Amino acid sequence: MRKLFSIRLLVLALAMLLLCAASAAQIAVGIAVSFAPPELPVYEQPLCPGDGYIWVPGYWAWDGDGDDYYWVPGTWVEAPEVGFLWTPGYWGWGGSAFFFHEGYWGPVVGFYGGINYGFGYFGHGYEGGRWDGGRFYYNRSVNNVNITEIHNVYNTRIENNYRETRVSYNGGNGGINERPSAREEAASRERHIGPIAAQTRHVQEARGNQSLRASQNHGRPAIAATARPGAFNDRGVVAARSGGNYNPPPRNERNASRPPEARNGSSGSRPPEVRNENNNSRPPEARTGNNASQPPDARHERDLQPITRSSPRDSGNAAADRKYQQQQDKMYAKQQQDRAKLQQRQEQDHQRITQQNANEARKQQVEQRHQQQTQQLAQKHTQQQQRMEQRAPQPRQQNQPNPKEKH
């Protein structure tokens with residue numbers, strides 16, 4: 001009996017250690033780079049396109065394949081749920097590299113590095129608006145709103161007690177020296193969701209736009225902000241008024257220390273400085289596949305990165321490309337449905353154990369099951385995308401003779 005009791009204690013202790021490790025990993029799961037992103041550009045906010053839109057500030061993202069930072073324009077995004085606000089993502093120094101912390105939607109604005117993104121995001125919290133009675137009210141002192149169309153507004157002047165710095169990262173040499181408050185730390189543990197599909201497409205559009213790369217615009221992007229996600233060619237596009245400092249190391253120095261395992265593939269363009277914070281290996285984001293960017297220690301559906309679609313094919317066979325795109329759309333819709341169902345089941349489990357006032361052992365069992373469900377779903381979707389990539393139309397070779405031609 002005593003032996004059985006000891007075994008149970010050992011199992012319980014191991015489970016608690018695993019859960020603590022998974023929780024810590026969620027603090028900053030993402031890509032990392034050995035040198036800092038450029039300063040934030042200066043730009044005006046486009047006119048709010050309609051009621052219920054919330055401002056999502058622009059930021060510098062990293063493209064491992066292009067070995068470059070690129071600007072993701074600020075834009076207005078419809079809130080995914082009434083009462084939800086946006087916590088911007090940010091870069092933070094992790095002791096050996098700069099790690100990116102993904103933004104998220106939730107009822108409370110969490111920590112975003114103390115970065116002054118402007119337009120209500122001045123380093124802590126959000127002063128650009130608030131929810132009241134199921135409607136979002138805009139603070140006109142920091143938002144560009146047409147009051148003839150949007151009447152749920154107020155005007156509260158914000159004292160300029162914030163530094164005018166345009167530094168875009170937290171910690172390290174020259175970074176913002178801010179730490180999260182207890183409330184901001186709690187916000188990251190409350191129910192929240194990652195970027196929605198419109199934001200994901202917005203980022204993909206930015207990544208494919210060469211003019212948004214820091215090496216091209218030198219910190220001053222021509223598309224600094226848009227009125228809607230992905231609307232890069234609309235009249236509402238706003239250019240940066242000025243750029244910021246950007247002093248990257250020479251490319252040959254960045255690539256000189258690349259380990260052999262990072263040289264796989266013909267292009268050899270993946271830099272050694274891109275790593276995962278948890279295992280210091282190449283990050284999932286740098287691998288191919290739709291869902292390969294999922295954090296390895298995700299416990300819940302909400303911890304997974306948003307599903308992204310591959311770029312349209314141009315194999316030279318329009319019919320085959322169209323069919324392949326239809327197959328991708330069908331797979332994408334099914335994966336979104338799978339994710340929504342899993343999130344609903346997991347939230348129901350949380351509500352149930354709360355109502356039952358379950359003990360810690362029961363809660364840990366539920367969390368372990370959730371982690372297993374999440375990992376299995378992420379793996380399933382990754383395999384689906386890999387199989388889809390194998391069926392992709394192959395480009396026609398130039399000067400390839402037509403087999404029907406007579407010689």
Side-chain angles (χ1 to χ4, degrees), residues 19-30 40 54-57 59 74 77 79-94 99-139 141-143 154 156-163 165 167-172 175-196 199 277 295 297-304 343 346-347 350-351 353-354 360 363 367 370:
L19 287 172
C20 290
S23 177
Q26 291 174 22
I27 294 176
V29 175
L40 297 172
I54 293 179
W55 180 249
V56 173
Y59 65 96
V77 178
E81 293 187 26
V82 172
F84 268 26
L85 299 169
W86 174 248
T87 296
Y90 70 97
W91 290 93
W93 176 249
F99 295 89
F100 188 71
H101 302 242
E102 186 69 76
Y104 57 88
W105 293 94
V108 178
V109 175
F111 185 63
Y112 51 93
I115 310 300
N116 185 356
Y117 287 109
F119 310 112
Y121 300 96
F122 297 119
H124 291 278
Y126 177 57
E127 302 187 63
R130 60 174 182 261
W131 288 95
D132 188 0
R135 299 190 69 184
F136 188 76
Y137 285 75
Y138 298 86
N139 185 358
S141 68
V142 294
N143 281 315
Y154 64 97
T156 299
R157 292 290 177 181
I158 308 300
E159 293 186 15
N160 190 15
N161 294 329
Y162 305 96
R163 295 185 297 272
T165 177
V167 173
S168 59
Y169 58 92
N170 176 280
I176 302 296
N177 186 20
E178 294 286 345
R179 294 294 179 267
S181 66
R183 187 69 191 94
E184 288 172 329
E185 287 185 336
S188 66
R189 297 190 295 268
E190 294 179 357
R191 187 178 75 89
H192 60 265
I193 61 176
I196 61 176
Q199 291 173 276
E277 186 172 9
D297 295 309
R299 285 190 295 168
H300 301 99
E301 187 279 336
R302 63 173 179 262
D303 300 325
L304 297 174
Q343 182 183 22
Q346 292 178 344
E347 289 181 353
H350 287 154
Q351 294 172 0
I353 61 176
T354 300
E360 287 301 316
K363 291 179 181 178
E367 292 302 306
H370 284 181

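On a predicted model such as this, the values are computed, not experimentally measured, just so you know. Quick note: numbers below take in every heavy atom, side chains included, and nothing from hydrogens, waters or symmetry partners.
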Mind running side chain to side chain donor-acceptor pair (under 3.5 Å) on W105 and Q199 for me, showing each step along the way?
CA-CA 12 Å; W105 293 94; Q199 291 173 276; 2.7 Å; yes
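- Using a 4.0 Å cut-off between charged nitrogen and carboxylate oxygen, R179 and E184 do not count as a salt-bridge pair.
- In this structure, the side chain of Y112 engages the main chain of G123 through a donor-acceptor pair within 3.5 Å.
- Note: H192 NE2 to L85 CG = 14.0 Å, rounded to the nearest 0.5 Å.
- Nearest heavy atom pair, residue G92 against residue H101, reads N-CD2, 4.2 Å.
- Looking at K363, E367, R191 one by one, the single match for side-chain hydrogen bond (donor to acceptor under 3.5 Å, both in side chains) with H350 turns out to be E367.
- Note that OH of Y169 is 9.5 Å distant from CD1 of I115, once rounded to the nearest 0.5 Å.
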Chi angles and distances behind the side-chain contact (heavy atoms from CB on, under 4.5 Å) call for V167, W91
CA-CA 10 Å; V167 173; W91 290 93; over 6 Å; no
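- Without hydrogens or angle criteria, S168 side chain to L40 main chain gives no donor-acceptor distance under 3.5 Å.
- In plain terms, the two heavy atoms of Y117 and P57 that are nearest each other are CB-CB, 3.7 Å.
- For the residue pair P195 and G103, the shortest heavy atom distance occurs at CD-O, 3.6 Å.
- Between F111 and the options R183, E185, H124, a side chain to side chain contact (heavy atoms under 4.5 Å, CB included) holds for only H124.
- A pairwise comparison of heavy atoms in G128 and N143 identifies O-ND2, 2.5 Å as the closest pair.
- At least one donor-acceptor pair under 3.5 Å links the side chain of N170 to the backbone N or O of I176.
- Using cut-offs of 30° and 60° for the angle between ring planes, the F119 and W55 rings count as perpendicular.
- In terms of heavy-atom proximity, F84 sits nearest to A79 at O-CB, 4.1 Å.
- Across all their heavy atoms, Q343 and I193 have their closest contact at NE2-CG2, 3.4 Å.
- Screening W131, Y121, Y138, W86 against Y126 for a ring-ring contact (aromatic ring centres under 6.0 Å, His included) leaves a single residue, Y121.
- When W93, Y59, Y90 are each tested for a ring-ring contact (aromatic ring centres under 6.0 Å, His included) with F100, only one passes: Y59.
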